[in-house]
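Below is one structure; the comments refer to it alone.
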Amino acid sequence: VLGVWDIESGKLVNNFVHDGTITCFTFSSSGNSIISCTGPNQFYIWDVVKNELKKTIKGFFGYADGIFSLPNDNQFATIRNLEIRLWDID
């Protein structure tokens, strides 16, 4: 479960539920999406505004050590064992 909390009120705003243990996540540069990595071979793109799963991406071998949003909001980068990969969101 990935929870999004309102900093001012301290209340839970969104709860994103999916299979697997979250190994890393990041907000998109616009703040409208969260990209999370769970287990080997799977990323989830969450729409924070609509509170829903936008897309699932498969194809990564193993767990990502880190995930980073790119300024254009159309891609993200992952790193694993000193290998960086770029992924298209749309």
Side-chain angles (χ1 to χ4, degrees):
V1 175
L2 180 64
V4 177
W5 299 81
D6 182 293
I7 293 173
E8 292 180 9
S9 69
K11 293 183 181 180
L12 181 65
V13 177
N14 292 334
N15 224 359
F16 300 107
V17 180
H18 46 67
D19 295 332
T21 301
I22 298 169
T23 58
C24 53
F25 73 93
T26 188
F27 277 91
S28 64
S29 56
S30 68
N32 293 330
S33 298
I34 295 175
I35 306 158
S36 61
C37 177
T38 61
N41 200 32
Q42 201 142 294
F43 298 100
Y44 296 90
I45 314 296
W46 302 96
D47 187 316
V48 176
V49 177
K50 295 180 181 177
N51 196 26
E52 66 185 18
L53 180 62
K54 190 172 172 180
K55 186 175 185 178
T56 302
I57 298 174
K58 295 182 180 184
F60 194 75
F61 183 73
Y63 293 86
D65 295 325
I67 187 167
F68 308 93
S69 172
L70 298 179
N72 64 14
D73 264 0
N74 294 324
Q75 293 179 311
F76 65 97
T78 58
I79 187 167
R80 183 176 193 285
N81 295 333
L82 302 177
E83 179 182 338
I84 297 172
R85 291 187 182 185
L86 294 177
W87 302 84
D88 292 324
I89 292 176
D90 294 324

TODO: Would you confirm whether N14, through its side chain, and V48, through its main-chain N or O, come within 3.5 Å as a donor-acceptor pair?
DONE: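 Answer holds: yes.
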TODO: Would you check if the side chain of D65 reaches a backbone N or O of N81 as a donor-acceptor pair within less than 3.5 Å?
DONE: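 Yes.
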For [X], all residues meeting side-chain hydrogen bond (donor to acceptor under 3.5 Å, both in side chains), sequence neighbours excluded:
X   : result
D73 : S29, S30
T56 : none
D6  : S9

Task: Cluster companions of W5 among Ile, Leu, Val, Met, Phe, Trp, Tyr (side-chain spacing under 4.5 Å) - done: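 Direct or chained contacts put W5 with L12.
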Open item on the list: Starting from L82 and following side-chain heavy-atom contacts under 4.5 Å between hydrophobic residues (I, L, V, M, F, W, Y), which residues can be reached?
Closed with: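 The other cluster members (ILVMFWY side chains, heavy atoms under 4.5 Å, direct or chained): none.
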Under 4.5 Å between side-chain heavy atoms, counting indirect links through other Ile/Leu/Val/Met/Phe/Trp/Tyr residues: same cluster for [X] and [Y] or not?
X   : Y   : answer
I45 : I34 : no
V49 : L53 : no
Y44 : L2  : yes

Open item on the list: Within the structure provided, determine whether I67 and F43 are in side-chain contact (heavy-atom separation under 4.5 Å).
Closed with: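 Side-chain contact under 4.5 Å: yes.
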Task: Pairwise side-chain contact, I84 with F68, heavy-atom cut-off 4.5 Å (strictly under) - done: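 Counting from C-beta outward, I84 and F68 never come under 4.5 Å.
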Task: Sequence-distant partners of F16, ring pair (Phe, Tyr, Trp, His ring centres under 6.0 Å), two or more places apart - done: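 F16 satisfies ring pair (Phe, Tyr, Trp, His ring centres under 6.0 Å) with W46 only.
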- [ ] Give, for atom NZ of K54 and atom OG of S28, the distance between the pair rounded to the nearest 0.5 Å.
- [x]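 Answer for the NZ-OG pair, K54 versus S28, is 7.5 Å.
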Task: Interatomic spacing from CZ in F27 to OG in S33 - rounded to 0.5 Å - done: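 The OG atom of S33 is 10.0 Å from CZ of F27, to the nearest 0.5 Å.
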Open item on the list: Please give me the minimum heavy-atom distance between Q75 and D88, naming the atom from each residue.
Closed with: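 Residues Q75 and D88, closest heavy atoms: NE2-OD1, 3.0 Å.
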Task: Passing candidate, side chain to side chain contact (heavy atoms under 4.5 Å, CB included) with F76, options I35, T26, L70 - done: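 With F76 as partner, side chain to side chain contact (heavy atoms under 4.5 Å, CB included) holds for just one option, I35.
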